[in-house]
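A, B, ... follow the sequence lines: proteins, then strands. Residue 1 opens every chain. The model shown is predicted, which means the values in this text are computed figures rather than measured ones.
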There are 2 protein chains.
Amino acid sequence: MIAHLAGVSQPTVSRALRGSPMVNETTRLRILKIARELNYQVDKNASSLRSKSSGTLALLFFEDPAPDDSLINPFFVSMLASITRACAQRGYDLLISFQQPANEDWQAGFEDSNKADGIILLGYGDYLDYRARLEFLIARGMHFVCWGAVRPDQPEVSVSCDNYRGGYAITRHLLERGARRIAFLGDASNHCPEFLERHRGYSEAIKASRLRVNARLQIDAISSEQSGFDATTVLLERKLQFDAICAASDLIAIGAMKALQAHGLRVPADVLVSGFDDIPLAGFVNPSLTTVQQDTKAAGAILVETLLKLIRNEPVESQIIPVSLMLRGSTQRA
Amino acid sequence: MIAHLAGVSQPTVSRALRGSPMVNETTRLRILKIARELNYQVDKNASSLRSKSSGTLALLFFEDPAPDDSLINPFFVSMLASITRACAQRGYDLLISFQQPANEDWQAGFEDSNKADGIILLGYGDYLDYRARLEFLIARGMHFVCWGAVRPDQPEVSVSCDNYRGGYAITRHLLERGARRIAFLGDASNHCPEFLERHRGYSEAIKASRLRVNARLQIDAISSEQSGFDATTVLLERKLQFDAICAASDLIAIGAMKALQAHGLRVPADVLVSGFDDIPLAGFVNPSLTTVQQDTKAAGAILVETLLKLIRNEPVESQIIPVSLMLRGSTQRA
DNA sequence: CTGAAAGCGCTTACAG
DNA sequence: CTGAAAGCGCTTACAG
């Protein structure tokens, strides 16, 4: 540390730069002034090595390694923006990494060998598939928080939007608009707890209207336009009667609308369509998409805050964030 | 290093783990096996401190701190995805940070105190405004590369798409579609070299058709929907004759289309509209937007590759990446 | 409020 | 091909 030129010892400089209260005000100012003149920056590697804390969080995305340059799920982009902002506000840096589910040495990417103090996990993947890995992380005492469903039996700390209530509210809205046979597009199994919760809301809303849930109207789909398109095609080919589609995500809904239109069906005149997420695209498709808005801004802040508590060994709990309905053209009959 | 259990010294373990060729094959395998069993991970802080290299790149975004949670420029998202991928392929981690132009201690964020080996700069901001800062970085011998215009007089290493040819080609397309009075929406000054290059292409294309460039048809705008909307409103209020809009970015074009439609003008029947970037939204707006596609995939790879060369002190040059035209509904008259 | 000493966990010369 | 020694630049006890 060159700032010995201030006539003090190394530890004093270190303390002054970190704003320790045990440094004389005059001394501190003198040190700060010299540091600024010299454009001095603390070496974070040395500092992290010694203090066992890096001031960095890692964000890990899991998504199917969509062929080539295909777009990132727009919903994740909103989350990324919100998380970045939350980190910056708290003085943390953010390391990001996209993981391919196929990747064997998942944990290696995670561990990050002290490069990060904690990890935020984000992604739609097969939950059962990585549950074992989460348990591995827990066993190693890693600090991490997941975005996804909050379920009673899960070992990990998680933050999620209110998938159940969102599914319930949007289905209720479709029913109020006159739908009687609502198809649900999205995997509704333990492989994808988020969709499962949305589906549970969907089912309960239908039952609350004294209608029957027709299991044949549920078609698996992952969150992509293509998958939504395919699922809708299956629905049409099976010649099942339906007057509305409740899609488990906006991308699925957008693919569904394309498939419907390709088959000469009009939205919303012939079929009502709803999504989930409220990605920026939702307002631009034609017709604009009625959907459930997830509060990504709050989500990012809560994820970061929760992770920081975990790092400080403070007690934390999984949290559920309220959602709101965005009513648009796809469920609005003239 | 606990792996002394392998019966070798610390340096040998270190060498084995890094795949140094000067380790006996048998010894190496034994060490690797033990390391795997112990879930051993090299401490990157110690390693970076000693070797003076962090295996990390930093990505800095500059964008107007758009009010609240407004969306990130979708074009940057494509770049981010591509850069992340390029880093991962080369075994580098990526640190990301959004900078507010107003932020005084820009360089502090940059320096990153050995957390990163080099920096990628991305953003539309006032170029003149941060040119001084770039020079500061150069003076300090920092390794960095910018995304933006490549111009002869600039001190920094830069990678860019072919803004000039893109502007030329899209304008030529508008002319071929019958446009005679083409408005240009976008700041065409040194404050924004990328737009300036696009504008230069626009001007040359018009001149090549033996038409005159009407300076009154150029309206300043930054890359946002709102700005495009406002610029178009100005254009309409001035009651200038125009039959096409050449927007300097897709977001501007989308805002322009909204403004035109709000004034009862039809696209493309009354006015042709073109954008620049080919963000995912471009294919979804109504009518779909004719635009210039930037090859973000190549861009990310070249940015990272260039930065890595800079870090290795190899000679580098600024590079220009070819663009391609995406013809869609907004310039397609029935 | 300040300093001398120790040490975080690696990698780098250097020697063999 | 391998090891003993030194040291990267900080921060943390500990002592005063």
Side-chain angles (χ1 to χ4, degrees), chain A residues 1-36 38-56 91-93 108 111-117 140-141 311-312, chain B residues 1-36 38-56 91-93 108 111-117 140-141 311-312:
Chain A
M1 230 190 243
I2 344 170
H4 278 185
L5 311 174
V8 291
S9 72
Q10 220 188 35
T12 304
V13 172
S14 173
R15 287 188 273 252
L17 260 27
R18 279 174 295 146
S20 157
M22 356 181 278
V23 177
N24 181 297
E25 191 57 22
T26 324
T27 319
R28 191 226 306 296
L29 291 175
R30 183 156 40 91
I31 294 172
L32 290 182
K33 181 157 168 287
I34 295 176
R36 210 171 302 121
L38 264 50
N39 270 126
Y40 171 78
Q41 292 286 121
V42 179
D43 185 304
K44 288 289 174 81
N45 292 130
S47 145
S48 302
L49 174 60
R50 185 64 239 250
S51 65
K52 301 277 152 212
S53 121
S54 64
T56 304
Y92 273 78
D93 287 322
E111 177 68 53
D112 264 342
S113 18
N114 294 331
K115 268 190 143 178
D117 299 334
R140 298 207 61 185
I311 292 170
R312 293 188 301 249
Chain B
M1 232 191 243
I2 345 172
H4 277 187
L5 310 174
V8 293
S9 73
Q10 219 189 36
T12 304
V13 172
S14 173
R15 286 189 275 251
L17 260 27
R18 278 175 294 145
S20 158
M22 352 183 280
V23 177
N24 182 297
E25 192 58 21
T26 324
T27 320
R28 192 227 304 295
L29 291 175
R30 184 156 40 90
I31 294 173
L32 289 184
K33 182 155 168 288
I34 295 176
R36 211 171 301 120
L38 265 49
N39 270 126
Y40 172 78
Q41 291 287 120
V42 178
D43 185 304
K44 289 288 175 83
N45 293 130
S47 145
S48 302
L49 173 59
R50 183 64 239 251
S51 66
K52 300 277 151 214
S53 121
S54 64
T56 304
Y92 273 77
D93 288 322
E111 177 68 52
D112 265 343
S113 19
N114 294 331
K115 269 189 141 176
D117 300 333
R140 297 207 60 187
I311 291 170
R312 294 188 300 250

Discussion item. Keeping Ser48(A) on the side-chain end and Lys44(A) on the backbone end, is there a donor-acceptor pair under 3.5 Å?
Written reply: yes
Worksheet item: For Ser47(B), does its backbone N or O pair with a side-chain atom of Ser51(B) as donor and acceptor, under 3.5 Å?
Response: yes
Worksheet item: When you measure from the side chain of Leu49(B), which nucleotide among dG9(C), dC10(D), dT11(C) comes out closest?
Response: dG9(C)
Worksheet item: Tell me: CE of Met22(B) to P of dG3(D), nearest whole Å?
Response: 12 Å
Worksheet item: Whole Å only: how far is the NZ atom of Lys44(B) from the C1' atom of dC8(C)?
Response: 18 Å
Discussion item. Output the rounded distance in Å from CZ (Arg28(B)) to P (dT2(D)).
Written reply: 10 Å
Worksheet item: Between Arg15(B) and Asp43(B), which is nearer to the 5' end of DNA chain C once each is assigned its nearest nucleotide?
Response: Asp43(B)
Practice prompt. Return the value, rounded to whole Å, for the distance between atom CG of Leu17(A) and atom C1' of dC10(D).
Written response: 11 Å
Discussion item. Heavy-atom nearest nucleotide on DNA chain D for Val23(B) versus Ser51(B): which residue maps closer to 5'?
Written reply: Val23(B)
Discussion item. Only pairs with both distances under 3.5 Å count, Watson-Crick or wobble alike; so what is the partner of dA4(D) in this structure?
Written reply: none
Item to complete: Quick one: look up who dA13(D) pairs with, Watson-Crick or G-U, both distances under 3.5 Å, and put none if it's unpaired.
Response: none
Worksheet item: Choosing from dT2(C), dT12(C), dT12(D), which nucleotide comes nearest the side chain of Asn24(A)?
Response: dT2(C)
Fill in: For atom CZ of Arg50(A) and atom C1' of dG9(D), their distance in whole Å
12 Å
Worksheet item: From dT2(D), dA13(D), dT11(C), pick the nucleotide closest to the side chain of Arg18(B)?
Response: dT11(C)
Discussion item. If you only use heavy atoms from C-beta on, which nucleotide in dT2(C), dC8(C), dC10(C) is closest to the side chain of Tyr40(B)?
Written reply: dC10(C)
Worksheet item: Just how far, in rounded Å, is C1' of dC10(C) from NZ of Lys52(A)?
Response: 10 Å
Item to complete: To the nearest Å, give me how far apart CG (Asn45(B)) and P (dG9(C)) are.
Response: 11 Å
Worksheet item: Counting any heavy atom closer than 4.0 Å, what does Ser48(A) reach on the DNA or RNA strands: base, sugar-phosphate only, or nothing?
Response: nothing
Discussion item. Output the rounded distance in Å from CG (Asn114(B)) to C1' (dC10(D)).
Written reply: 11 Å
Discussion item. Quick check against the 3.5 Å criterion: does Asp117(A) have a side-chain atom that pairs as donor or acceptor with the backbone of Ser54(A)?
Written reply: yes
Discussion item. Quick check: on DNA chain C, is the nucleotide nearest Thr12(A) upstream (toward 5') of the one nearest Ala46(A), or the reverse? Name the residue that is more 5'.
Written reply: Thr12(A)
Item to complete: Using heavy atoms to find the nearest nucleotide of DNA chain D for Ser47(A) and Glu25(B) separately, return the residue whose nucleotide is more 5′.
Response: Glu25(B)
